[in-house]
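Accompanying notes for the structure given below.
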Protein chains: 2
Amino acid sequence: MRNVDKHDVPAVTVPRLALYLRKLRELRSRGVDRVSSKDLAEMIGLNAAQIRKDFSYFGEFGTRGVGYEVARLVDEITHCLGLDHSWNVIIVGAGLMGTALARYRGFAEQGFRLVGMFDSSATVIGASYGAGRVRGIAELEGFCREEKVDIAMVTVPAGEAEATIGRLAAAGVHAVLNFAPVKVQAPDGVLVRQVDLSSELMSLTFYLDRELD
Amino acid sequence: MRNVDKHDVPAVTVPRLALYLRKLRELRSRGVDRVSSKDLAEMIGLNAAQIRKDFSYFGEFGTRGVGYEVARLVDEITHCLGLDHSWNVIIVGAGLMGTALARYRGFAEQGFRLVGMFDSSATVIGASYGAGRVRGIAELEGFCREEKVDIAMVTVPAGEAEATIGRLAAAGVHAVLNFAPVKVQAPDGVLVRQVDLSSELMSLTFYLDRELD
DNA sequence: GAATGTGAATTTATTCACAGCA
DNA sequence: TGCTGTGAATAAATTCACATTC
């Protein structure tokens, strides 16, 4: 296998790997055991060469003239994405979005262990939403260090997101999925991905407004 | 103003406009009335030339030597994104995510009117989550046509997403925000944007796994 | 002097097209 | 023959750099 430094992998390839993995798992569960880049491309709606090139950053997973073995490919991509072991996740902010996420069972299936949930409001501290009792925000740093938290999903109000992410960074959490509608300047060494529903809706209205042509 | 055909605007510019709009509104509400591309770029964490170029697809909004008037820019981008009138939105799927979205007040502030909510399960039909009573899925097409629904947020299980989006397309809904964890092949004339939380988490683990360098 | 608006240069991503192998 | 893996070609996006205007 050749060099797999993150700097060799285009940023856009990574989310596509997740896409491939999902489709491949589906194929596997349907009993399909071989697939070509052409088939996969058609199923997902991409170019076949793109799929092959994406794989090529990590190794040679297929057989010329034949295609890819689905089970092998699932294992390889699982490994590429770091999903061959589990990750400790917390939710900061036990509002509407935070509690919906806490109750969602889809994450556990992918190896994401929800180990804690935090909020600043006395009215929800102690309540339970499928992730143990909600802890007070004061416990955040201690908990993150002790429990080796890998990822925080931040669902606090916009005005608190920056400070929250700063605290997480200081407590050694290196990855954040931020649902607050602010683009936060990521502290050094912290990876922040933004989930921004208003922005998504606005991208839709942009094209809707131009659809008359 | 020059040509503003959607084909002249790079796809990546559109979500950035939403980002600019949010920051500019914040500046306006803080009483800031002028801003340079350099300032804005620093606040958001982008290159100043990129911001200027993004604006340039739509017109000339600034004054050389001076900068941009915040209020003017807010209006211009609001218009570019089609946000100077309101849009009718429905939610299909009254599960965890659907009900959380229904109760979220942030959308209304942006001009998104939640006009209906649908589910197939008898146990939730008739319940209310801040968007009127939940209607049965059988009413979907009739409702979309009558109420001129613009956008559907789809929060149904993965296996039902494709069929649901097909029905929406047939009923004249041209834009979908899909939360179901499947990349749906968009029917002709329908814009589908994907909100995929598992994929986002997987992108984070990819980089976490490589962080040791 | 200061900051925009934009061609040109650069970088990044996608797609083509074909050599190489089962 | 059929499909992978990958250099080369193309397309898209970003950034530079500067003429232009206030």
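Order of the sequence lines fixes the chain letters, A, B, ..., with proteins taken first and strands second; residue numbering starts at 1 for each chain. All values below were derived from every heavy atom in this structure, side-chain atoms included, with hydrogens, water molecules and symmetry-related copies excluded.
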Which side-chain N or O atoms in residues 146-158 of chain A pair as donor and acceptor under 3.5 Å with protein atoms at least two apart or in another chain?
residue	atom	partner	partner atom	Å
A/Asp150	OD2	A/Asn88	N	2.8
A/Thr155	OG1	A/Val92	O	3.3
A/Thr155	OG1	A/Gly93	O	2.6

| query | Counting any heavy atom closer than 4.0 Å, what does A/Ala11 reach on the DNA or RNA strands: base, sugar-phosphate only, or nothing? | reply | sugar-phosphate
| Should A/Tyr68 be listed as having a side-chain N or O under 4.0 Å from OP1 or OP2 of D/dG5? | yes
| task | Quick one: do B/Arg22 and A/Asp196 satisfy salt bridge (charged side-chain N to carboxylate O under 4.0 Å, His left out)? Show the steps, please. | result | CA-CA 11 Å; B/Arg22 171 175 298 143; A/Asp196 190 334; 2.5 Å; yes
| remark: So OG of A/Ser56 and CD1 of A/Ile51: to nearest 0.5 Å the spacing works out to 12.5 Å
| message | Without decimals, in angstroms, what is the distance between B/Asp54 CG and D/dT14 P? | response | 7 Å
| task | Indicate yes or no: at least one non-hydrogen side-chain atom of A/Leu27 is less than 4.5 angstrom from one of A/Met43. | result | yes
| request: Write down the distance between OH (A/Tyr57) and P (D/dG5), rounded to a whole number of angstrom. | output: 14 Å
| remark: In this structure, OG of B/Ser86 is separated from CZ of B/Arg113 (nearest 0.5 Å) by 5.0 Å
| query | Considering only heavy atoms from C-beta outward, does the side chain of B/Glu69 approach that of B/Thr63 to under 4.5 Å? | reply | no
| request: Is it possible for you to check whether A/Arg105 lies under 6.0 Å from the centre of the six-membered ring of A/Phe107, through NZ or CZ, and within 45° of that ring's axis? | output: no
| request: Could you check if a side-chain atom of B/Glu162 sits within less than 4.5 angstrom of a side-chain atom of B/Val182, using non-hydrogen atoms only? | output: no
| field | DNA chain D contacts made by residues 31-44 of chain A, counting heavy atoms under 4.0 Å | value | A/Ser36, A/Ser37
| note | Taken to the nearest whole Å, CZ/A/Phe61 to C1'/D/dG5 is 12 Å
Table of protein N/O atoms under 3.5 Å from nucleotides 18-22 of chain D N/O atoms:
residue	atom	partner	partner atom	Å
D/dT20	O2	B/Arg64	NH1	2.9
D/dC22	O4'	B/Arg64	O	3.3

| task | Classify the side-chain pair A/Thr13/A/Asp54 by whether it contains a donor and acceptor separated by less than 3.5 Å. | result | yes
| said: I need the CG-P distance between A/Leu73 and D/dC3, as an integer number of Å. | reply: 16 Å
| said: Distance check needed: D/dG5 C1' versus A/Glu60 CD, whole Å only. | reply: 6 Å
| task | Using atom CD of A/Gln50 as one end and atom P of D/dG7 as the other, report the distance to the nearest whole Å. | result | 17 Å
| field | Residue B/Val12, side-chain heavy atoms: nucleotide from C/dT15, D/dT15, D/dA13 that is nearest | value | D/dA13
| Gap between atoms CZ and P, on A/Phe55 and D/dG5 respectively (whole Å) | 9 Å
| said: What's the closest nucleotide to the side chain of A/Lys53 if the choices are C/dA8, C/dA13, D/dA8? | reply: D/dA8
| Interatomic distance, B/Asn47 CG vs C/dA3 P [rounded to whole Å] | 16 Å
